[in-house]
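Predicted model only: the values in this text are computed from it and were never measured. All values below come from the heavy atoms of this structure, side chains included, with hydrogens, waters and symmetry mates left out.
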Amino acid sequence: MVLGVVGVVVAVVFLIGLLNSLRVVQQYERGVVFRFGRVRQAVRQPGLTLLVPVLDRMRKVNIQTVTMPVPSQEGITRDNVSVRVDAVLYFRVVDPVTASVKVQNYTFAIGQVAQTSLRSIIGKSELDELLSGREALHQGLEVMLESPAAEWGIHIDRVEIKDVALPESMKRSMARQAEADRERRARVITAEGELEASQKLSQAAREMSATPAALQLRLLQTVVEVAAEKNSTLVMPFPVELLRFFDSMTPKDAPGTPTLPAQRQEAPDEG
């Protein structure tokens with residue numbers, strides 16, 4: 001009777017220990033087993049796994065890609081502009097054993113390194129690089145993070161700068177600079193148009209000088225264009241050459257031209 005009770009108790013204890021030794025590892029997880037405090041290099045794969053009762057302890061490590069926002073960091077660029085920059089970091093665990101043993105909290109550690117690297121990249125860059133040359137900065141941040149992350153069994157997939165916050169005074173200065181640049185380009189385009197128009201007008205003048213009738217035809221075309229506007233007053237240009245023509249046809253000593261009387265000359269007294 002006593003042996004039967006003992007056998008039942010042993011069976012129950014064995015069953016409870018067996019159930020406690022069974023663990024389920026999800027597809028996105030890996031199991032790191034510690035036996036008597038020493039890590040086992042064999043990583044438990046997804047599925048049902050069996051641990052040695054009392055001896056083994058398993059830690060599950062998530063191997064999914066983690067999206068971590070990097071808090072805004074304030075710094076001064078190389079050209080002495082104060083800015084606030086925030087970024088986003090994508091990383092995942094590639095070595096669960098190293099991530100569990102080498103660092104206490106790999107997520108917190110990666111976040112701190114990302115903030116430090118972001119402040120460092122701000123001080124090494126100019127404002128134009130932060131605004132327009134971000135691809136090179138992304139690569140620089142990734143290189144700075146890869147070195148410590150590799151020692152912790154972590155792979156950096158990507159790091160990107162999300163936003164660059166500028167002071168209001170700097171925004172106004174940049175707006176004035178952009179407006180001045182647009183005005184300069186407009187003036188240059190206008191000057192180039194005037195130069196090209198003057199060259200074309202000079203060429204047209206040379207062509208018309210060879211055929212005076214062309215100048216008269218152009219004058220008539222101008223009159224027609226002005227008259228098409230239904231103006232009450234029409235101003236017609238009078239060519240100066242015509243006045244010179246009439247002036248050349250007028251004789252200098254024509255009849256009826258008044259002449260001044262000749263002055264009388266008196267001889268001086270000899271005595």
Original post:
Are I63 and I156 in one and the same hydrophobic cluster, where Ile, Leu, Val, Met, Phe, Trp and Tyr link if side-chain heavy atoms are under 4.5 Å apart?
Top reply: no
Subject >> Smallest separation among heavy atoms of R40 and V97, with atom names >> reply: O-CG2, 4.3 Å
**OP:** Give a yes or no on whether L131 and V81 share a hydrophobic cluster (residues Ile, Leu, Val, Met, Phe, Trp, Tyr; joining criterion: side-chain heavy atoms under 4.5 Å apart).
**Re:** yes
**OP:** Would you check if V25 and M58 make a side-chain contact, meaning some heavy-atom pair closer than 4.5 Å?
**Re:** yes
Subject >> Shortest non-hydrogen contact from Q26 toward P46 >> reply: O-CB, 3.5 Å
Original post:
Given the rule in the side-chain contact (heavy atoms from CB on, under 4.5 Å) test, do V70 and Q115 qualify, once you have shown the distances and angles that lead to the verdict?
Top reply: CA-CA 6 Å; V70 181; Q115 295 180 32; 3.9 Å; yes
Subject >> Inter-residue atom distance D181.CG - R176.CZ, 0.5 Å rounding >> reply: 15.0 Å
**OP:** State the CD-CD1 distance between E129 and I161, to the nearest 0.5 angstrom.
**Re:** 10.5 Å
**OP:** Give the other cluster members for Y28, using side-chain heavy-atom distances under 4.5 Å between Ile, Leu, Val, Met, Phe, Trp and Tyr residues; answer none if it is isolated.
**Re:** none
Subject >> L127 side chain reached by L166 side chain, heavy atoms, under 4.5 Å >> reply: yes
Original post:
Less than 4.0 Å between a side-chain N and a carboxylate O, is that true for R187 and E183?
Top reply: yes
Subject >> Exercise: identify the closest heavy-atom pair between T98 and W152 >> reply: CG2-C, 3.7 Å
**OP:** Output the distance between atom CG (D163) and atom CZ (R84), rounded to the nearest 0.5 Å.
**Re:** 11.0 Å
Subject >> Reference residue L118; test side chain to side chain contact (heavy atoms under 4.5 Å, CB included); the match among L137, D86, L141 >> reply: L141
Original post:
Looking at residues at least two apart in the chain, or sitting in another chain, which of them share a salt bridge (charged side-chain N to carboxylate O under 4.0 Å, His left out) with E168?
Top reply: K171
Original post:
Is there a side-chain contact (heavy atoms from CB on, under 4.5 Å) between V113 and L145 once you walk through the steps?
Top reply: CA-CA 7 Å; V113 173; L145 291 173; 3.3 Å; yes
Original post:
side-chain contact (heavy atoms from CB on, under 4.5 Å) between R35 and D56: does it pass, once the steps are laid out?
Top reply: CA-CA 5 Å; R35 180 169 296 174; D56 291 347; 2.6 Å; yes
Subject >> Non-hydrogen side-chain atoms of R92 and Q64 separated by less than 4.5 Å >> reply: no
Subject >> Interatomic spacing from CG in N105 to CD in Q112 - rounded to 0.5 Å >> reply: 10.0 Å
Subject >> Student check: side-chain heavy atoms of V88 and T67 closer than 4.5 Å >> reply: yes
Original post:
Is L195 close to Q199 at the side-chain level, that is, under 4.5 Å between some pair of heavy atoms?
Top reply: yes
Original post:
Do M68 and V103 sit in the same hydrophobic cluster, where Ile, Leu, Val, Met, Phe, Trp and Tyr count as joined when their side-chain heavy atoms come under 4.5 Å apart?
Top reply: yes
Original post:
Roughly how far, to the nearest 0.5 Å, is the CD1 atom of I154 from the OG1 atom of T107?
Top reply: 7.0 Å
Original post:
V66, Y90: one ILVMFWY side-chain cluster at the under-4.5 Å cut-off?
Top reply: no
Original post:
Same cluster for L22 and V52 if Ile/Leu/Val/Met/Phe/Trp/Tyr side chains link at under 4.5 Å?
Top reply: no
Original post:
Got a donor-acceptor contact below 3.5 angstrom from the S120 side chain to the T116 backbone?
Top reply: no
**OP:** Please indicate whether Q104 has more than 12 foreign heavy atoms, meaning atoms of other residues, nucleotides or ligands, lying under 6.0 Å from its CD.
**Re:** no
Subject >> From OG (S125) to CG (L130), nearest 0.5 Å >> reply: 5.0 Å
Original post:
If you look at every heavy atom in M144 and P148, which pair is closest and at what distance?
Top reply: O-CD, 3.4 Å
Subject >> With sequence neighbours excluded, residues passing salt bridge (charged side-chain N to carboxylate O under 4.0 Å, His left out) with R57 >> reply: none
Original post:
Which atoms form the tightest heavy-atom contact between D79 and E126, and what is the distance?
Top reply: OD1-CA, 3.8 Å
**OP:** May I ask you to decide if V24's main-chain N or O and K60's side chain share a donor-acceptor pair within less than 3.5 Å?
**Re:** yes
Original post:
Does the side chain of S100 reach to within under 4.5 Å of the side chain of V39, using non-hydrogen atoms?
Top reply: no
Original post:
Should we count CD1 of I76 as having more than 12 external heavy atoms under 6.0 Å?
Top reply: no
**OP:** Heavy atoms only: give me the nearest R134-K162 pair and the separation to one decimal.
**Re:** NH1-O, 3.5 Å
